Amino acid sequence: VVSWNSLITCYEQNGPASEALNVFKKMMGSGLEHDEMTLASVVSACASLCAISEGREIHAQVIKFDCYRDDIIICNALVDMYAKCRRINEARWIFDRMTVRNVVSETSMVSGYARVARVQSAKQLFSEMMDRNIVSWNALIAGYTQNGDNEEALGLFLQLKRKSAWPTHYTFANLLNACANLADLKLGRQAHTHILKHGFRFQHGPESDVFVGNSLIDMYMKCGSVVDARQTFGNMVQRD
RNA sequence: UGCACGU
């Protein structure tokens, strides 16, 4: 079971996620029992594929084996799946009925609300959260930029800094995205300087620099500065 | 061996 689970998780995280579902079907065909780790990964695969009907089948299994009903990770995965498939009301239904919730459940709901343009609901949920980590902040900031509230997104970033939550490359990509949408070159340059000051704090491997670099290029292009974009491109250690 | 955020 551990080998199957590892394989499913690997496909779910590195793609193609559809292969995670295929492996799961094979696993079931081989007469093995799934455990809570299998289901959490498979539900997460359904979420990235928006495979709502497959997801519902797994949901039915979870209800059938009711030992999984109180597994917070499985419930979180289900909430996230419905939220990603824009079934925010179904996500909320599970969320409301969970015996224990944590920052992951709440963050899934925040980004789910943002996805269907219910920014107010996202904001309210965020403000009621018991604890917020950097991922929750990132989710709400992304929600604002996705819905065109770029000033709000920038404001949140400033708040985040005051709260001394440490930004990640997701945070910076969102920040640059807001600058790009505003097409404000001066602001974008400020953001760039700010990011360079934090540069040495990246702890997520060399990958993160590619993400931030791409966002910088995108931002400069949208702000109309090909020169800055080219220079950033030239300075990047890695490109994709 | 399992869940949440950006281009």
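None of these values were measured; they are calculated from a predicted model.
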Would you list the pairs meeting side chain to side chain donor-acceptor pair (under 3.5 Å) in which at least one residue belongs to residues 28-48 of chain A, sequence neighbours left out? A:Asn5-A:Asp35, A:Asn5-A:Thr38, A:Thr9-A:Ser41, A:Glu12-A:Ser44, A:Asp35-A:Thr38

Just to be sure I understand the rule, does [X] reach a base, reach only the sugar-phosphate, or reach nothing, if contact means heavy atoms closer than 4.0 Å?
| X | answer |
| --- | --- |
| A:Ala139 | sugar-phosphate |
| A:Asp71 | base |
| A:Gln146 | sugar-phosphate |
| A:Ala77 | sugar-phosphate |
| A:Ile74 | base |
| A:Lys222 | nothing |

For A:Tyr113, ring pair (Phe, Tyr, Trp, His ring centres under 6.0 Å) partners two or more places apart: none

Test ring pair (Phe, Tyr, Trp, His ring centres under 6.0 Å) applied to A:Phe95 - qualifying residues, sequence neighbours left out: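 In terms of ring pair (Phe, Tyr, Trp, His ring centres under 6.0 Å), with neighbours along the sequence ignored, A:Phe95 is linked to no residue.
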
Do A:Phe126 and A:Trp137 have their ring centres less than 6.0 Å from each other?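 Centroid separation for A:Phe126 and A:Trp137: below 6.0 Å.
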
Partners passing side chain to side chain donor-acceptor pair (under 3.5 Å) against A:Asn14 (at least two apart in sequence or in another chain):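 Per chain and number, A:Asn14 pairs via side chain to side chain donor-acceptor pair (under 3.5 Å) with no residue.
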
Could you tell me from which nucleotide to which nucleotide of RNA chain B, 5' to 3', there is an atom under 4.0 Å from chain A heavy atoms? B:U1 to B:U7

In a table with atom names and distances, give each donor-acceptor pair under 3.5 Å that connects a side chain of residues 105-112 of chain A to protein atoms at least two apart or in another chain.
| unit_1 | atom_1 | unit_2 | atom_2 | d |
| --- | --- | --- | --- | --- |
| A:Ser105 | OG | A:Asn76 | OD1 | 2.8 |
| A:Ser105 | OG | A:Asn102 | N | 2.9 |
| A:Ser105 | OG | A:Asn102 | O | 3.1 |
| A:Ser105 | OG | A:Asn102 | OD1 | 3.0 |
| A:Thr107 | OG1 | A:Val103 | O | 2.6 |
| A:Thr107 | OG1 | A:Ser136 | OG | 3.4 |
| A:Ser108 | OG | A:Asp80 | OD1 | 3.4 |
| A:Ser108 | OG | A:Val104 | O | 3.3 |
| A:Ser111 | OG | A:Thr107 | O | 3.4 |
| A:Ser111 | OG | A:Ser108 | O | 3.3 |

